[in-house]
Amino acid sequence: MTESGFSGASRYLPISDHGLIGDLRTAALVGVNGTIDWYCCPRFDAPSVFGSILDADRGGSFELAACVPSKTKQFYFPDTNVLITRFYAADGVGEIQDFMPVEDESREIDRHRLIRRVLCVRGALPFRARIAPRFGYGTETHTLSFRGDRAIFQSPSLSLMLTASVPMEGDGTDVRAEFKLLEGESAVFALDRLCDEVAVKTCALAEAEEQFAATVRFWRSWLAGSRYRGRWREMVHRSALTLKLLTYAPTGGIVAAPTTSLPERVGGERNWDYRYVWIRDAAFCVYSLLRLGFVDEAEAFMDFLTSNATMSSSGPAGPLQIMYGIDGRRELPETELGHLEGYEGSAPVRTGNGAVDQLQLDIYGALIDSVYLYDKWGRPISSDRWDQVCMIVDWVCDNWDQPDEGIWETRGGRKNFVYSRLMCWVAIERAIRMATHRGLPADLARWRVARDDIYRQIFRRGWSADLQAFVQHYDDDVLDAAVLMMPLAKFVAPTDPKWLSTLDALGNRLVSDSLVYRYDPAVSPDGIRGDEGTFSICSFWYVEALTRAGRLDDARLAFEKMLTYANHVGLYAEQIGHTGEQLGNFPQAFTHLALISAAFKLDLALG
């Protein structure tokens with residue numbers, strides 16, 4: 001239970017003190033104090049309207065809370081993405097129901113509505129609201145006008161309309177409201193994108209109640225498609241609901257996270273924009289969605305990949321990009337927003353991502369593995385898709401033996417990363433499987449030579465006799481948690497003596513109470529100053545590697561420990577700090593994908 005005041009002692013809530021709502025086009029973070037401090041409209045990658053999580057003074061926010069001393073709790077309405085924040089005060093109990101109605105999933109829409117229902121469930125409770133949008137990441141000025149009971153926020157790039165069932169008043173360019181609710185009474189605030197193509201609507205109490213019921217039905221109907229019935233159903237289903245929230249429905253792309261520049265170390269510069277679609281996530285997305293039974297979502301993601309991750313003229317970064325915009329665009333220039341101080345002073349705040357131009361050979365394995373999984377468990381791939389696979393695999397056969405920036409997007413120069421070689425092996429090996437299984441045309445003789453050359457080179461140059469472990473890159477004794485993927489990708493038997501000694505070495509040097517560091521920047525410089533927390537996806541990879549090695553007691557304990565690091569509503573950021581705090585962009589799709597995979601494998605092993 002959290003103490004709540006309207007402003008609070010700290011200017012920033014902990015990253016983990018948030019829940020997520022969304023409409024499959026964009027999303028908003030709602031703090032346990034009732035404040036929406038991150039919201040981009042009309043898309044995930046649009047400039048923020050509320051961005052106080054990145055600058056408490058300039059970012060803008062939608063504050064709504066009991067205006068008397070109270071304690072708060074936050075939870076999701078069961079089996080939905082409707083978020084409820086409760087306020088417990090001396091004279092009453094109230095709650096805010098936050099949600100975004102989901103429109104037609106199949107097309108782009110202009111309407112984006114954010115609804116906040118306030119209810120008094122016991123006694124009486126006074127509330128206060130302050131709606132202070134700051135358009136264009138706080139760079140655009142806006143005007144405020146009233147049309148009857150509607151407040152209009154108008155900026156050069158975007159206009160929003162606020163309707164409420166309680167009286168509102170202007171405060172410069174912001175809106176304020178104070179009201180008191182008795183037991184059984186409610187109030188509604190609705191924030192809509194205003195545009196010529198969409199008729200203006202109000203949001204009366206009855207309409208809000210109807211949209212609340214419709215939103216609950218949508219999420220419950222979707223989740224009913226899950227086939228998971230294992231031991232960790234609540235956490236797996238919360239992860240599935242989160243992945244669905246991070247989906248951009250018009251294209252099927254899944255963003256890595258809905259936020260930008262939340263720091264991997266508070267006060268540091270490891271701050272990146274994750275509101276894009278990474279090829280690296282492909283195999284995990286398809287695997288997790290298909291295993292849970294969500295074939296349509298897996299197919300939509302495959303359609304995104306095959307429509308956008310197509311071979312282009314080969315340049316220094318290869319024929320595929322490591323990431324794409326949610327609409328498939330290729331240009332994602334990285335810029336710094338110097339006017340924003342960053343979360344807890346963690347500058348710079350970045351938009352775009354300069355890593356888009358890096359050469360990362362592992363993405364080819366991730367892409368082909370996702371095609372293989374979809375062909376195996378989803379629907380047989382088309383002849384056009386097979387032609388694309390052949391083009392990619394032919395390129396990999398010609399280009400696998402070169403240094404690259406690696407899975408972690410380091411900025412310290414290219415190296416011969418073992419993980420990159422591993423995933424090149426995966427790309428070729430999975431294509432051979434598909435060709436053999438379905439009798440598809442392929443240059444199998446050439447592919448097999450390249451596949452076997454990679455295998456032998458990894459064992460020859462990626463193995464350290466001193467460490468008795470597979471290492472991060474050739475010709476150096478540095479460990480990297482990415483090699484946990486070796487048995488997961490079926491490159492090495494999970495009980496192979498060399499793999500078991502690698503697992504022990506990783507456990508001794510990169511694991512801290514089940515939490516896994518991806519590597520040690522002190523001994524493997526990555527071109528960026530400062531250290532970071534443990535990487536949560538690696539922690540779930542560790543669980544799966546232990547499971548496959550038959551160390552089930554260790555795997556289950558590590559998994560249960562990882563579950564304790566989730567936030568109060570079951571969400572994970574990218575990393576976990578030294579005292580258990582969540583760090584990095586939040587919530588992160590990759591972490592939730594790995595949780596689903598680990599839970600599924602551990603369930604099977606436990607019987």
Side-chain angles (χ1 to χ4, degrees), residues 105-108 247-255 276-291 293-315 317-332 356 359-400 423-448 450-451 489:
E105 286 192 69
S106 63
R107 61 184 178 87
E108 183 56 277
T247 301
Y248 184 65
T251 64
I254 299 176
V255 296
Y276 308 112
V277 184
W278 262 256
I279 296 298
R280 181 174 300 117
D281 299 11
F284 282 92
C285 282
V286 172
Y287 175 85
S288 298
L289 291 170
L290 288 175
R291 278 306 197 194
F294 297 116
V295 177
D296 290 343
E297 282 72 18
E299 182 171 23
F301 190 69
M302 285 302 305
D303 287 341
F304 177 91
L305 293 176
T306 53
S307 298
N308 300 296
T310 55
M311 303 290 282
S312 63
S313 57
S314 182
L320 296 182
Q321 291 188 178
I322 68 167
M323 71 183 88
Y324 296 83
I326 56 175
D327 54 1
R329 73 187 188 282
R330 292 171 172 266
E331 300 297 323
L332 305 172
V356 69
L359 173 64
Q360 296 182 16
L361 294 169
D362 64 278
I363 65 172
Y364 298 95
L367 179 63
I368 301 302
D369 198 24
S370 68
V371 175
Y372 164 76
L373 292 169
Y374 182 74
D375 183 72
K376 180 180 179 181
W377 291 328
R379 300 183 178 102
I381 64 169
S382 67
S383 57
D384 287 342
R385 281 183 177 172
W386 178 247
D387 288 341
Q388 287 184 340
V389 168
C390 290
M391 291 172 60
I392 291 172
V393 174
D394 286 339
W395 184 90
V396 172
C397 288
D398 290 333
N399 291 276
W400 63 267
M423 295 307 288
C424 286
W425 178 90
V426 168
I428 302 170
E429 196 275 340
R430 299 302 191 266
I432 291 173
R433 285 195 194 193
M434 282 189 284
T436 304
H437 175 68
R438 291 185 51 193
L440 297 170
D443 191 350
L444 288 176
R446 180 186 182 219
W447 289 4
R448 287 181 176 126
R451 177 197 63 184

Do [X] and [Y] have side-chain heavy atoms sitting under 4.5 Å apart?
| X | Y | value |
| --- | --- | --- |
| Trp377 | Arg291 | yes |
| Val371 | Met302 | yes |
| Phe301 | Thr247 | no |
| Arg446 | Asp394 | yes |
| Trp386 | Arg438 | no |
| Tyr374 | Ser370 | no |
| Met434 | Ile368 | yes |
| Ile432 | Leu444 | yes |

So, taking the atom named [atom1] in [X] and the one named [atom2] in [Y], what distance separates them when rounded to the nearest 0.5 Å?
| X | Y | atom1 | atom2 | value |
| --- | --- | --- | --- | --- |
| Asp281 | Ile322 | CG | CD1 | 10.5 Å |
| Arg451 | Cys397 | CZ | SG | 10.5 Å |
| Asp443 | Cys390 | CG | SG | 9.0 Å |
| Leu305 | Ile279 | CG | CD1 | 5.0 Å |
| Ser383 | Leu440 | OG | CG | 9.5 Å |
| Ser307 | Asp327 | OG | CG | 12.5 Å |

Could you walk me through whether Arg379 and Val295 pass side chain to side chain contact (heavy atoms under 4.5 Å, CB included), step by step? CA-CA 9 Å; Arg379 300 183 178 102; Val295 177; 3.6 Å; yes

Taking the six-membered ring where the residue is Trp, are the ring centres of Tyr324 and Trp278 under 6.0 Å apart?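 Ring centres of Trp278 and Tyr324 not closer than 6.0 Å.
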
Is the gap between the ring centers of Tyr364 and Trp400 under 6.0 Å?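 No: the rings miss the under 6.0 Å criterion.
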
List the atom of [X], the atom of [Y], and the distance in Å for their closest heavy-atom pair.
| X | Y | answer |
| --- | --- | --- |
| Ile254 | Cys285 | CD1-SG, 3.8 Å |
| Val277 | Gly253 | CG2-CA, 3.9 Å |
| Asn308 | Gly328 | OD1-CA, 3.3 Å |
| Gly365 | Val426 | O-CG1, 3.8 Å |

Heavy-atom donor-acceptor pair, Thr251 side chain to Phe304 backbone, under 3.5 Å: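 It does not hold such a pair.
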
Residue pair Asp369, Arg433: steps toward the salt bridge (charged side-chain N to carboxylate O under 4.0 Å, His left out) verdict: CA-CA 10 Å; Asp369 198 24; Arg433 285 195 194 193; over 6 Å; no

So, Arg385 and Asp375, do they make that salt bridge, N to O below 4.0 Å?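 The answer is no: the pair does not qualify as a salt bridge.
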
